[in-house]
Amino acid sequence: MTDTTEARTPDSRPTGGLSAQYQPGEVEQLRYERWVSEGYFSADPKSEKPAFTIVIPPPNVTGSLHVGHALDHTIQDTLVRLKRMQGFEVLWLPGMDHAGIATQNVVERKLAEQQLSRHDLGREKFVEKVWEWKAESGGAILGQMRRLGDSVDWSRERFTMDEGLSRAVQTIFKRLYDDELIYRANRIINWCPRCLTALSDIEVEHTDDEGELVSIRYGEGENAIVVATTRAETLLGDTAVAVHPDDERYKHLIGTEVELPLTGRRIPIIADEHVDPAFGTGAVKVTPAHDPNDFEIGQRHDLPSLTVMDERAVITVPGPFQGLDRYEARPAVVAALREQGRIVAEKRPYLHSVGHCSRCKTTVEPRLSLQWFVKTGPLAQAAGDAVRDGRVTIEPAELSKRYFAWVDNMHDWCISRQLWWGHRIPVWYGPAGEVVCVGPDEQPPSGEGWRQDEDVLDTWFSSGLWPFSTLGWPERTPELEKFYPTSVLVTGYDILFFWVARMMMFGLYAVRDSDGSGVQPFNVVNLHGMVRDQFGKKMSKSFGNVVDPLDWINRYGADATRFTLARGANPGSDVPISEEWCQGSRNFCNKLWNATRFALMNGATVEGDLPPSSELGALDRWILSRLQHTVAEVNEQFDSYEYAKVCDTLYHFAWDDVCDWYVELSKPVLAQDTPEAARTRRVLGHVLDQLLRLLHPVIPFVTEELWIALTGGETLMRAAWPAVDHAYVDDAAEEELAALQKVVTEVRRFRSDQGLKPSQRVSAALTGLGNVGIDTHEPLIRSLARLDAPGADFTATATLAVTGGITVDLDTRGAIDVAAERARLEKDRAAAEKEATQCRAKLGNESFIGKAPEQVVTKIKDRLVTAEADLVRIAAALEALPAA
RNA sequence: GGGCGCGUAGCUCAGUGGGAGAGCACCCGCCUUACAAGCGGGGGGUCGUAGGUUCGAAACCUACCGCGCCCACCA
């Protein structure tokens with residue numbers, strides 16, 4: 001780290017103690033520690049201020065935070081810092097998720113490196129190992145959150161397996177059980193033969209996989225029927241063949257029996273609407289124990305369910321196939337069938353949708369098994385209604401359609417998992433198989449032979465309680481009273497179903513108002529997209545485009561990293577980032593640093609009242625007016641969660657308006673020691689003060705450092721959010737400065753066209769400024785355009801036709817590059833001619849005059865006048881040019 | 001199979017009924033006393049295609065083409 005401490009001591013005044021470049025490393029850690037030690041992040045439930053609450057989407061304790069978390073946290077930190085400045089009592093509650101299957105898999109993989117399985121350790125020892133891992137991984141995550149600048153209330157950190165949260169899990173399980181919204185049943189569920197556990201529907205990912213369709217003849221002679229299947233091995237568990245009731249080909253067979261090959265069993269041919277007569281042969285083998293559809297058919301027709309595979313998907317039926325894995329059994333069964341001449345049509349490739357375990361990608365095996373379920377009907381109904389009736393809004397609104405599609409078609413939710421890491425199901429079974437569900441305040445039965453359910457709950461069961469379990473529910477704590485419902489939930493659209501919908505169901509069920517109605521867990525769901533690379537590609541390790549947020553923080557600073565992420569974060573849209581863009585953000589932070597440095601070197605101040613508009617020159621009135629517009633715009637953009645637009649607005653205000661124009665234009669004024677200069681120093685101090693406030697939510701570190709240097713205040717975190725002051729909205733000043741900018745730009749273009757270096761001074765006469773009322777700014781224009789310095793080494797004559805109604809004569813008395821100037825004028829003339837032609841065409845169109853609004857017509861007329869004036873002036877200028 | 005969304009400058013994206021924009025990249029010129037992590041200037045787009053509505057369409061409607069995502073029990 002470079003040693004700039006000396007340069008930054010308070011007595012090196014002229015620069016306000018600021019070095020020439022912003023060094024994030026020297027600022028961030030110290031600032032963060034101070035914020036924590038001063039208690040700026042702490043939330044007080046006894047506060048009189050209105051509450052603003054965000055609970056963090058708890059990261060899984062499976063590793064460290066990735067750049068997607070960095071985006072998620074940046075948005076939340078931006079919101080909570082904004083709300084603190086706006087006067088809310090803010091709680092941003094941190095914590096982590098035990099992430100059942102995901103974490104168990106991580107620890108199992110680590111054990112596998114030592115040739116150990118969890119069974120070698122036993123349940124108790126294994127769970128101990130996972131806790132060790134949690135301590136390690138959790139610590140890393142907390143460190144990353146500090147580096148990002150997360151202003152979370154550390155005193156309220158929670159973990160889904162904390163005692164209090166476990167109590168919440170047991171409480172709601174008991175209530176749901178008593179309300180008959182939790183039940184146990186033998187159902188066909190998604191089973192992962194590798195993780196050896198049941199999975200819920202959304203834990204299954206479907207991909208289109210290549211399969212092979214074979215046609216098999218069941219039965220003999222007239223009774224024979226041909227079925228098509230991709231899963232020949234499940235034939236061993238067939239208990240029927242189904243056809244469509246209206247299928248003429250098979251009508252005569254309905255109600256008869258056929259012989260099931262390889263088994264000697266006879267199975268019925270049944271009619272069921274589910275069968276699509278157009279697919280395959282129009283006849284389906286029915287395996288109720290190993291296919292969800294077939295299970296349904298089996299239920300409707302009272303068919304037996306024959307389980308032919310164990311939990312590892314190995315055939316259990318005695319005989320030649322016993323002991324074969326499902327993929328070994330498939331060709332073996334086909335081969336045996338072929339031997340018997342049963343294969344009617346050989347294998348043909350067939351693309352079909354296959355489910356995979358979302359954690360390990362193993363092909364899911366539908367399996368009949370005894371599991372616990374949540375009856376989702378009434379809960380999902382309430383979750384949908386809360387959005388439908390507007391108690392909860394989803395940002396962006398388009399995503400609520402997806403939400404409805406899901407909650408309105410939800411199946412019952414399988415919540416038991418055959419894992420060791422998680423909340424154990426609070427149910428005991430007696431010696432005679434009796435079931436007792438025990439709540440947190442009850443003792444398990446003490447008699448002989450009682451044992452607790454071995455399974456744990458789906459991880460989303462406990463994270464679904466997060467918005468209130470973290471606040472002390474089921475107790476009515478002061479925290480719950482003050483901070484529930486939470487204000488905004490910020491998360492990626494990818495877990496809308498996994499998490500958001502579950503929180504809605506549980507929150508509305510568990511937390512009750514005084515009148516007994518359910519209270520939504522949050523008022524707004526702010527969904528962001530996925531972080532992608534600069535070409536919009538998904539980040540993946542194999543593609544090598546993964547960004548580690550810590551790496552960027554180390555090299556460019558937390559603020560630059562945050563700004564890069566926030567700059568792409570509009571509701572619901574994916575966020576492309578690249579290292580180059582992060583460098584740009586770093587540059588922006590440095591720009592602010594140097595602007596403040598300039599201000600301090602030139603005596604900018606925040607002391608005393610801001611002079612009233614009437615005492616200020618056009619320049620000061622202009623920047624103050626721009627500031628008011630910026631504040632108004634940023635407020636609107638924050639209200640609609642358009643962080644990218646907030647960043648864009650502030651970036652351009654800071655860089656273009658403040659740095660490129662206001663600072664440059666104020667230099668001549670600030671060089672003086674006049675009352676006007678004093679007023680400008682006050683305005684400059686004010687503008688920077690306000691700008692730093694506006695940027696603080698997004699880039700807290702550099703703004704804090706600069707604001708303290710500028711104002712001598714204690715912390716920007718407790719400064720008030722800027723308000724629009726209409727007394728400083730000044731259209732006249734904005735028009736005046738716009739004209740000035742155009743003139744300066746035009747002269748600069750002329751200089752550039754003429755190949756004049758900045759160091760070359762031009763002796764010039766400026767005329768025509770009074771046409772647009774900016775004659776008083778002539779010295780400023782000269783200063784910015786580098787005109788008329790003593791010892792000028794270039795003289796020329798030119799007429800600059802500035803488009804937009806402004807014309808300026810620049811008399812530079814001498815030879816110029818005639819060819820360059822002619823080219824420029826010809827180009828301008830072409831543009832003006834095109835403009836004039838277009839306007840005339842419009843104005844000559846009777847329909848246009850008759851139907852267009854008056855303002856539009858007036859505007860076009862003005863444009864025509866301008867263009868014609870430009871043409872006259874350009875013609876004169878061309879005339880005046882010496883011949884080539 | 002159902003649903004949603006997107007095609008605007010080389011890249012990433014704003015703009016949603018009245019003069020085509022930004023950032024980055026690119027070209028030219030500059031160490032101009034806050035900043036070379038900077039300053040000034042510039043080039044570049046028949047707004048996916050074809051119809052339609054309108055005085056007027058990048059924007060609204062229809063169809064098509066291309067891309068992406070989500071859901072789904074097609075054997």
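If you're wondering where the values come from, they're calculated on a predicted model, not measured in any experiment. Letters A, B, ... mirror the listed sequences (proteins, then strands); counts begin at 1. Worth knowing before you read on, the calculation uses all heavy atoms, side chains too, and leaves out hydrogens, waters and symmetry mates.
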Inset, instruction - Scan Pro853(A) against the nucleic acid and name what it touches under 4.0 Å (heavy atoms): base, sugar-phosphate only, or nothing. - result: base

Given atom [atom1] of [X] and atom [atom2] of [N], what is their separation to the nearest angstrom?
{"X": "Asn409(A)", "N": "rA72(B)", "atom1": "CG", "atom2": "P", "value": "9 Å"}
{"X": "Arg231(A)", "N": "rA75(B)", "atom1": "CZ", "atom2": "P", "value": "11 Å"}
{"X": "Ile216(A)", "N": "rA75(B)", "atom1": "CD1", "atom2": "C1'", "value": "11 Å"}
{"X": "Trp406(A)", "N": "rC4(B)", "atom1": "CH2", "atom2": "C1'", "value": "17 Å"}
{"X": "Tyr493(A)", "N": "rC71(B)", "atom1": "OH", "atom2": "P", "value": "11 Å"}
{"X": "Ile495(A)", "N": "rC70(B)", "atom1": "CD1", "atom2": "C1'", "value": "15 Å"}

Legend entry - Glu212(A) side chain to Thr230(A) side chain, donor-acceptor N/O pair below 3.5 angstrom: no

Legend entry - Donor on one side chain, acceptor on other, His356(A) and Thr207(A), under 3.5 Å: yes

Inset, instruction - Tell me, yes or no, whether the heavy-atom count around Glu636(A) atom CD, taken from other residues, nucleotides or ligands under 6.0 Å, exceeds 12. - result: no

Inset, instruction - Grab the stems for RNA chain B, please: at least three consecutive Watson-Crick or wobble pairs, both distances below 3.5 Å, written as range with range. - result: B:1-7 with B:65-71, B:10-13 with B:21-24, B:26-30 with B:38-42, B:48-52 with B:60-64

Legend entry - OP1 or OP2 of rA75(B) under 4.0 Å from side-chain N/O of His352(A): yes

Donor-acceptor pairs under 3.5 Å, side chain of residues 834-847 of chain A to any protein atom, not counting sequence neighbours: which ones?
{"residue": "Glu835(A)", "atom": "OE2", "partner": "Arg863(A)", "partner atom": "NE", "Å": "2.8"}
{"residue": "Thr837(A)", "atom": "OG1", "partner": "Glu833(A)", "partner atom": "O", "Å": "2.7"}
{"residue": "Arg840(A)", "atom": "NH2", "partner": "Glu868(A)", "partner atom": "OE2", "Å": "3.2"}
{"residue": "Asn845(A)", "atom": "OD1", "partner": "Ser847(A)", "partner atom": "N", "Å": "2.9"}
{"residue": "Asn845(A)", "atom": "OD1", "partner": "Phe848(A)", "partner atom": "N", "Å": "3.3"}

Legend entry - Cation-pi, Trp581(A) ring and Arg532(A) (6.0 angstrom, 45 degrees): no

Inset, instruction - Would you kindly check if the NZ (Lys) or CZ (Arg) of Arg824(A) is within the cone defined by 45 degrees around the ring axis of Phe750(A) and under 6.0 Å from the six-membered ring centre? - result: no

Measuring only the [atom1] atom in each nucleotide, how far is [N] from [M]? A whole number of Å is fine.
{"N": "rU49(B)", "M": "rC27(B)", "atom1": "P", "result": "29 Å"}
{"N": "rC26(B)", "M": "rG18(B)", "atom1": "C1'", "result": "33 Å"}
{"N": "rA59(B)", "M": "rG48(B)", "atom1": "C1'", "result": "15 Å"}
{"N": "rG56(B)", "M": "rC64(B)", "atom1": "P", "result": "26 Å"}
{"N": "rC65(B)", "M": "rG29(B)", "atom1": "C1'", "result": "45 Å"}

Legend entry - For Arg249(A), salt bridge (Lys or Arg N to Asp or Glu O under 4.0 Å) partners two or more places apart: Asp247(A)

Inset, instruction - Measure the OG1-CG distance between Thr605(A) and Leu688(A) for me, rounded to the nearest 0.5 Å. - result: 12.0 Å

Below 30° counts as parallel, above 60° as perpendicular, anything between as tilted: where do the rings of [X] and [Y] land?
{"X": "Trp593(A)", "Y": "Tyr22(A)", "result": "tilted"}
{"X": "Tyr651(A)", "Y": "Trp655(A)", "result": "tilted"}
{"X": "Trp406(A)", "Y": "Phe497(A)", "result": "parallel"}

Inset, instruction - Indicate for each nucleotide in nucleotides 33-45 of chain B, in 5' to 3' sequence, whether protein heavy atoms under 4.0 Å reach the base (B), only the sugar-phosphate (S), or nothing (-). - result: -BB-BSSSSSS--

Inset, instruction - Among rG23(B), rC70(B), rA75(B), find the nucleotide with the atom closest to the side chain of His274(A). - result: rA75(B)

Inset, instruction - Would you mind checking if Lys859(A) and Glu854(A) are paired as a salt bridge, meaning a charged N to carboxylate O distance below 4.0 Å? - result: no

Legend entry - Salt-bridge criterion met for Arg326(A) and Glu233(A) (N-O under 4.0 Å): no

Legend entry - Heavy-atom donor-acceptor pair, Glu835(A) side-chain to rG19(B) base, under 3.5 Å: yes

Sub-3.5 Å pairs of nitrogen or oxygen atoms, protein against nucleotides 9-16 of chain B:
{"residue": "rC11(B)", "atom": "O2'", "partner": "Gln534(A)", "partner atom": "O", "Å": "3.0"}
{"residue": "rU12(B)", "atom": "OP1", "partner": "Phe535(A)", "partner atom": "O", "Å": "3.3"}
{"residue": "rU12(B)", "atom": "O4'", "partner": "Gln534(A)", "partner atom": "O", "Å": "3.4"}
{"residue": "rG15(B)", "atom": "OP1", "partner": "Lys645(A)", "partner atom": "NZ", "Å": "3.0"}

Inset, instruction - Could you say whether Asp201(A) or Glu580(A) is positioned toward the 5' end of RNA chain B, judged by the nucleotide with the nearest heavy atom to each? - result: Glu580(A)

Legend entry - Sub-4.0 Å heavy-atom contacts from residues 838-846 of chain A onto RNA chain B, ordered by number: Lys842(A), Asn845(A)

